[in-house]
Colleague: 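Sharing a structure here in structure tokens format.
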Amino acid sequence: MPELPEVEVTRLSFAERIRGARVLAAHPGLPLRWPLGCTPESLVGRTVQDVQRRGKYLLLQLDHGVLLVHLGMSGSLGFRTAPAAPGRHDHFDLVTTHGTLRLHDPRRFGAVVWSAGTQVDPARKLLGSLGMEPLGEQFDPAAFHAGLRGRRAPIKQVLLAGDVVVGVGNIYASEALFQAGIRPTVRADRLSRARADRLHAAVRQVLARAVERGGSTLRDFSSATGDSGHFQLEAAVYGRAGQPCPQCATPVRLIRQGQRSTYFCPRCQRA
DNA sequence: CTATGGACCTGAATGC
DNA sequence: TGCATTCAGGTCCATA
């Protein structure tokens, strides 16, 4: 379920409460996308200094190393002081003096990976090729436009690839392209600077808005039961095949790109 | 280097 | 009702 906004809202939901906590135990469950990369015992005694985010990864900064958490397609995190016994799809518990951080992930595309922070560890590889942070300052229109140079793939797929800009998942890719009035199928390197500017602004706005509204939606998230609150995303086009475009009432169209669904308005997104 | 399809895994929805 | 197929908010990896 998680694109950048969900990950960021998740981060905000427990970062302050876990800060300063000492790890009492780590309990891995069924295998996740990648191995933990250390023994659970070696995490005991570490202090969680901060929780940051890079793309869709959460980074638990420890006093020694970093714990990377990715939610994959179906993951969510809960943080509570008296967690119930792990359920069928709970696959990692980090027990701390402030509470237990629990990863719930039915499909197990998520991961918890320890990194020593050295150059040669696996985590470096995971984070190394990530693109610009969409809500950060380095993500400016010129840099974005430059990033599209030489990319002959459809713009939708370049957005999803995450090596130009991170955090834009399948939903927000469709939404941002709709907002920018750009056809998902156009070659990325054929976007004029003006159109790249529009898309840049749309990406920022769509994600920032989702974080804001997630923040209010998920006020109770932390105290809620294991699986996260869902965003009721009021999508303009995503998941609305055949329904009228909110701008012009033309039926929204559904196509497949790289075995993912893409939604767009054939009238508002002409090129 | 870029682009593409397959792989990972479970559950819900859809189709016959 | 049962069983098969398709799809789901991610992304790494092998191959062309």
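Below, read A as the first sequence line, B as the second, and so on, with proteins coming before strands; counting in each chain starts at 1. Values below: every heavy atom of this structure, side chains too, minus hydrogens, waters and symmetry copies.
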Colleague: Could you tell me how far C/dT5 sits from B/dA7 if I compare only their P atoms? Round to whole Å.
Modeller: 16 Å
Colleague: C/dA8, B/dC9, C/dC13: which one has an atom nearest the side-chain heavy atoms of A/Lys125?
Modeller: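 In terms of side-chain proximity for A/Lys125, the closest of C/dA8, B/dC9, C/dC13 is C/dC13.
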Colleague: Counting side-chain heavy atoms from C-beta on, which of C/dG9, B/dG11, B/dT4 comes nearest to A/Ile171?
Modeller: C/dG9
Colleague: For A/Leu77 and C/dG9, give me the distance from atom CG to atom P, rounded to whole Å.
Modeller: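 In whole Å, C/dG9 P lies 20 Å from A/Leu77 CG.
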Colleague: Sticking with atom P, work out how far B/dC9 lies from C/dC3, rounded to a whole angstrom.
Modeller: 24 Å
Colleague: Strictly distance-based, threshold 3.5 Å: is any side-chain N or O of A/Glu3 a donor or acceptor partner for the main-chain N or O of A/Ile171?
Modeller: yes
Colleague: Is the aromatic ring centre of A/Phe109 closer than 5.5 Å to the centre of the six-membered base ring of C/dT11, with the two planes inclined by less than 30°?
Modeller: no
Colleague: Look only at the side chain of A/Arg108 and the backbone of A/Leu32, and say whether a donor-acceptor pair between them is shorter than 3.5 Å.
Modeller: no
Colleague: Which of the following nucleotides, B/dT4, C/dC12, B/dT10, is nearest to the side chain of A/Leu126?
Modeller: C/dC12
Colleague: Any carboxylate oxygen within less than 4.0 angstrom of a Lys/Arg side-chain nitrogen, looking at A/Glu212 and A/Arg209?
Modeller: no
Colleague: Mind calculating the distance between OH (A/Tyr238) and P (C/dC7) to the nearest angstrom?
Modeller: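 Going from A/Tyr238 (OH) to C/dC7 (P), I get 12 Å.
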Colleague: Measuring from atom OH of A/Tyr172 to atom CG of A/Leu4, what distance do you get when rounded to the nearest 0.5 angstrom?
Modeller: 9.5 Å
Colleague: With the side chain of A/Tyr57 defined as its heavy atoms from C-beta on, choose the nearest nucleotide among C/dC12, C/dG9, B/dT10.
Modeller: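 Of the options given, the side chain of A/Tyr57 lies nearest C/dC12.
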Colleague: In Watson-Crick or G-U wobble terms, both distances under 3.5 Å, what is the partner of B/dG11?
Modeller: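 By the stated definition (distances under 3.5 Å), C/dC7 pairs with B/dG11.
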Colleague: Which word best sums up how the rings of A/Phe139 and A/Phe144 line up, parallel for under 30°, tilted for 30 to 60°, or perpendicular for over 60°?
Modeller: perpendicular
Colleague: Take the protein atom CG of A/Leu30 and the nucleotide atom P of B/dG11, then report the distance between them rounded to whole Å.
Modeller: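 Spelled out: CG on A/Leu30 to P on B/dG11 is 11 Å.
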Colleague: Can you tell me the distance, in whole Å, between the OH atom of A/Tyr172 and the P atom of C/dG9?
Modeller: 12 Å
Colleague: Got a salt bridge between A/Lys56 and A/Glu6, using NZ or NE/NH1/NH2 to carboxylate O under 4.0 Å?
Modeller: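 So A/Lys56 does not pair with A/Glu6 through a salt bridge.
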Colleague: Both A/His70 and A/Tyr263 contact DNA chain C. Which one's nearest nucleotide lies toward the 5' end?
Modeller: A/Tyr263
Colleague: Nearest to the A/Arg260 side chain among C/dA8, C/dG9, C/dC12, which nucleotide is it?
Modeller: C/dG9
Colleague: Quick one: A/Gln157 CD to B/dA3 C1', roughly how many Å, whole number?
Modeller: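 After rounding, the reported distance stands at 9 Å.
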Colleague: To the nearest Å, give me how far apart CD (A/Gln259) and P (B/dT4) are.
Modeller: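 Atom-to-atom, A/Gln259 to B/dT4, this comes out as 11 Å.
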Colleague: Ignoring hydrogens and angles, are the base of B/dC9 and the side chain of A/Arg107 linked by a donor-acceptor pair under 3.5 Å?
Modeller: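 Between B/dC9 and A/Arg107, which were checked side chain against base, a qualifying N/O pair under 3.5 Å is present.
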Colleague: As a test of reading the structure: which of B/dA3, B/dG11, C/dC7 is closest to the side chain of A/Arg256, going by heavy atoms?
Modeller: C/dC7
Colleague: Quick one: label A/Arg33 by what it contacts on the DNA or RNA (base, sugar-phosphate, nothing), any heavy atom closer than 4.0 Å.
Modeller: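 Result for A/Arg33 = base.
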Colleague: If the C1' atom of B/dA3 is compared with that of C/dG9, how far apart are they to the nearest Å?
Modeller: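 The answer is 23 Å between these two C1' atoms.
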Colleague: Choosing from C/dC12, B/dT4, C/dA8, which nucleotide comes nearest the side chain of A/Ser261?
Modeller: C/dA8
Colleague: For the pair made of CH2 in A/Trp34 and C1' in C/dC13, what is the distance, rounded to whole Å?
Modeller: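 Nearest whole value for this atom pair: 11 Å.
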Colleague: Where the side chain of A/Asn170 is concerned, which of B/dT4, C/dC13, C/dG10 is the nearest nucleotide?
Modeller: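 Selected nucleotide: C/dG10.
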Colleague: In whole angstrom, what separates A/Gln257's CD from B/dT4's C1'?
Modeller: 13 Å
Colleague: At 4.0 Å (heavy atoms only), tell me whether A/Arg187 reaches a base, stays on the sugar-phosphate, or touches nothing.
Modeller: nothing
Colleague: Using a 4.0 Å heavy-atom cut-off, does A/Gly169 contact any base of the nucleic acid, only the sugar-phosphate backbone, or nothing at all?
Modeller: sugar-phosphate
